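Below: the structure, in structure tokens.
Residue numbers run from 1 in the order of the sequence given. A quick note: this is a predicted structure, and the numbers were derived from the prediction, not measured. One-based numbering, in listed order, for ligands and for the atoms of each.
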Amino acid sequence: MNYNRKEYSEEELIRLYRALLKPRMIEERMLVLLRQGRVSKWFSGIGQEAISVGSALALEPDEYILPLHRNLGVFTGREVPLDRLFAQFQGKTHGFTKGRDRSFHFGTNEHHIVGMISHLGPQLAVADGIALADLLENKEKVTLVFSGDGGASEGDFHEALNVAAVWGLPVIFLIENNGYGLSTPSNEQFKFKHFIDKGPAYGMDALQIDGNNILEVYDTIRQAAASIRKNPRPMLIEAITFRMRGHEEASGTKYVPQELFERWAKKDPVENYERYLLDELVLTQKAMESIKDELKAEIEEGLNIAFNEPMPTANAEQEQADMYRPFNQEVIKPASEAKTERRFVDAISDGLRQSMERFPELVLMGQDIAEYGGVFKVTEGFVEKFGKERVRNTPLCESAILGIGLGLSVRGQKSMVEMQFADFVSAGFSQIVNNLAKSHYRWGQNADVVVRMPTGAGTAAGPFHSQSNEAWFFHTPGLKVVYPSSPYDAKGLLNAAIEDPNPVMYFEHKLLYRSISQEIPDDYYTVEIGKARTVAEGTDLTIITYGMGVHWAKQLQQELSDASLEILDLRTLLPWDQEAVRAAVEKTGRVIILHEDTMTGGIGGEIAAWISEHCFEKLDAPVARVASLDTAVPFAPPLEQEFLPRQRLRQKAEAMLNY
Ligand SMILES: Cc1ncc(C[n+]2csc(CCOP(=O)(O)OP(=O)(O)O)c2C)c(N)n1
């Protein structure tokens with residue numbers, strides 16, 4: 001192996017050696033413990049340590065690194081205390097996730113590390129978000145994120161690199177090309193020759209390095225980082241290496257030709273560097289032994305502490321509470337009586353504009369939201385007022401933008417992501433349900449992101465511009481879901497969602513945008529998240545609904561003028577207002593849950609079950625649901641009208657009144 005020590009001092013070379021040795025010695029110890037059944041799963045990075053260690057030491061300690069499952073050297077390189085690291089591996093409270101997630105699936109802002117989620121690709125965009133915050137704050141910093149050669153096949157890889165290039169984000173995308181993704185060799189994973197061929201295609205510089213050569217890794221990344229700090233831009237670095245053990249320890253290596261192991265064993269990053277330092281007389285045998293002794297003692301001490309800690313005790317209340325960053329919403333009243341008649345769409349826009357004024361750290365992202373003003377014109381005029389840095393047109397990449405939202409949160413910023421249509425959120429689903437929703441529970445990092453979701457049918461727009469998909473998110477702990485039905489609530493709930501440090505899905509029905517208006521306060525105000533609103537008081541039949549359903553229920557009241565309807569607008573779906581539901585049910589003893597979403601698995605099912613369980617004695621009739629047909633949303637208006645529940649509502653209401 002060719003080592004070029006350049007101007008590096010002996011201290012520096014020994015610092016690198018020590019850092020390189022540490023993960024190797026930990027791993028060797030782990031393999032013994034694994035055989036003894038004292039640790040569970042283990043993803044070995046043996047043979048690849050130079051990449052983790054070289055990059056961790058090359059960056060400034062306050063620059064973020066986003067490692068993967070084989071990057072123990074990043075954690076040790078950042079001096080994460082071993083007792084906590086081992087406690088983390090064992091699911092102990094003293095680890096970084098209170099026993100809630102395993103291995104390297106955690107972040108620690110103290111050490112400027114954001115760990116992976118199992119899905120691999122999503123964290124590439126999180127790095128973009130961290131880098132964007134640095135760029136917006138004019139910090140001369142670089143963020144480094146890892147990808148394997150396998151994970152690079154994911155769409156998230158493309159999205160993250162593309163946005164980073166278009167926005168000139170200071171990110172190093174470090175690809176560890178180790179020849180295999182689980183059992184899949186490179187020739188079954190991709191057709192191109194080298195990852196560096198991809199750099200120019202994205203419009204970014206790309207470098208290939210020997211990933212087993214610690215000096216080459218360290219020096220290349222140091223230089224790249226120095227250059228990026230001065231001239232922010234992304235860079236792709238491909239580190240060629242080899243995975244010396246199985247994908248994880250239980251899975252074996254039968255599928256890897258033996259001669260590859262033999263060839264790569266000669267390139268072992270630790271042994272070669274050790275020999276080099278001895279040959280160069282930088283290190284004596286004695287000094288080497290004493291470093292090993294010190295590391296051994298540190299490892300044993302860490303293991304002792306971790307093994308002696310008991311397993312965590314479960315507390316259901318605490319577990320549920322920790323899904324969210326605690327936030328005591330203070331409901332804000334408008335400062336004056338001034339009011340203006342505004343359409344639903346204008347109320348949203350008004351709230352968003354005032355939130356932008358209130359929170360200088362709020363960034364808006366979405367397709368065509370800048371000069372064009374968004375397809376529904378919610379952000380019209382925003383670029384002129386707030387500038388292009390905060391009102392950001394994005395490439396077509398829902399997943400990346402949502403990941404960027406999480407990255408911005410890591411750096412203390414807020415974001416609002418506009419889905420052009422709620423339907424398109426499926427392209428960013430994993431980021432929302434796996435990354436944003438679970439981050440606080442896993443390692444205490446909130447995702448301060450509001451996702452605006454123009455939703456709903458009735459516009460003859462067919463299956464992909466009409467869906468109601470709130471139930472996808474209603475089923476995801478860690479999210480909040482709000483769904484206003486009036487201009488007043490639209491503004492107040494949007495402001496509240498932006499104030500809330502947790503991820504909030506904000507549904508806005510497209511059909512309401514320009515069809516309803518109301519006098520609403522000119523000043524900033526908020527509406528309480530989690531609080532339903534009684535729209536009409538009645539004695540005969542309760543309709544529990546939200547969004548467009550509120551308007552259908554009001555129309556029904558006009559049609560059935562002899563009946564007295566209690567109408568409850570949930571306004572927030574997660575968490576929904578159980579006490580208000582109970583009170584509304586108790587008033588009439590007959591209840592219909594109405595929603596535009598399809599019936600099966602809809603929110604009505606959950607609320608109906610809860611009413612049956614908690615209000616059984618107060619019921620005079622079975623709990624009923626009225627919802628859309630269990631089909632996709634059809635295009636032609638007669639089909640769409642049949643799909644929607646509006647026509648079935650009256651029939652069901654009459655049946656319930658006569659029950
Ligand atoms: C979305 C997703 N699909 C599949 C997996 C299962 N899986 C975990 S790691 C892995 C291989 C990853 O290969 P690579 O990115 O090259 O990293 P390496 O393990 O070689 O370091 C696979 C298929 C996963 N975790 N996430």
- Task: Examine distances only and state if a side-chain atom of N272 and a backbone atom of D268 form a donor-acceptor pair shorter than 3.5 Å.
- Result: yes
Parallel, tilted or perpendicular: which one describes the rings of [X] and [Y], with boundaries at 30° and 60°?
X: F106; Y: F75; value: tilted
X: F242; Y: W264; value: parallel
X: F195; Y: F192; value: perpendicular

Which protein heavy atom lies closest to [atom], and at what distance to 0.1 Å?
atom: atom 12 (C) of ligand 1; value: L120 CD1, 4.0 Å
atom: atom 11 (C) of ligand 1; value: L182 N, 3.5 Å
atom: atom 19 (O) of ligand 1; value: R70 NH2, 2.6 Å
atom: atom 20 (O) of ligand 1; value: Y180 O, 2.8 Å
atom: atom 13 (O) of ligand 1; value: G181 CA, 3.3 Å

- Item | Min side-chain heavy-atom separation I404-V417 under 4.5 Å | no
- Side-chain heavy-atom pair V80, I113 within 4.5 angstrom cut-off: yes
- Query: How does H247 reach ligand 1, by side chain, by backbone, by both or by neither, if only non-hydrogen atoms under 4.0 Å count?
  - Reply: side chain
- The answer for which part of F43 has a heavy atom under 4.0 Å from ligand 1 is neither
For [X], the ligand 1 atoms whose distance to one of its heavy atoms is below 4.0 Å:
X: S118; answer: 24 (C), 25 (N), 26 (N)
X: G148; answer: 14 (P), 15 (O), 16 (O), 17 (O)
X: N178; answer: 18 (P), 20 (O), 21 (O)
X: D149; answer: 15 (O), 16 (O)
X: G151; answer: 14 (P), 15 (O)
X: G150; answer: 13 (O), 14 (P), 15 (O), 16 (O)
X: H69; answer: 17 (O), 18 (P), 19 (O), 21 (O)

- Task: Answer yes or no for H119: is there a heavy-atom contact with ligand 1 below 4.0 Å?
- Result: yes
- Any cation-pi pair here, K480 with Y324, using under 6.0 Å and within 45°? yes
- Between R233 and S227, is a side chain to side chain donor-acceptor pair (under 3.5 Å) present by the stated rule, with each step listed? CA-CA 9 Å; R233 65 195 191 283; S227 165; 2.8 Å; yes
- Query: Does the protein put any heavy atom within less than 4.0 Å of atom 7 (N) of ligand 1?
  - Reply: no
- Message: When you measure from atom 25 (N) of ligand 1 to the protein, is at least one non-hydrogen atom found at a distance under 4.0 Å?
- Response: yes
- Message: For a salt bridge (Lys or Arg N to Asp or Glu O under 4.0 Å) check, start with the C-alpha distance between E27 and R245, then their side-chain angles and the critical distance, and finish with the verdict.
- Response: CA-CA 11 Å; E27 281 226 39; R245 301 193 65 86; over 6 Å; no
- Quick one: pull up CD in E398 and CZ in F424 and give me the separation to the nearest 0.5 Å. 7.5 Å
- Going by an N to O cut-off under 4.0 Å, is there a salt bridge joining R243 and E176? no
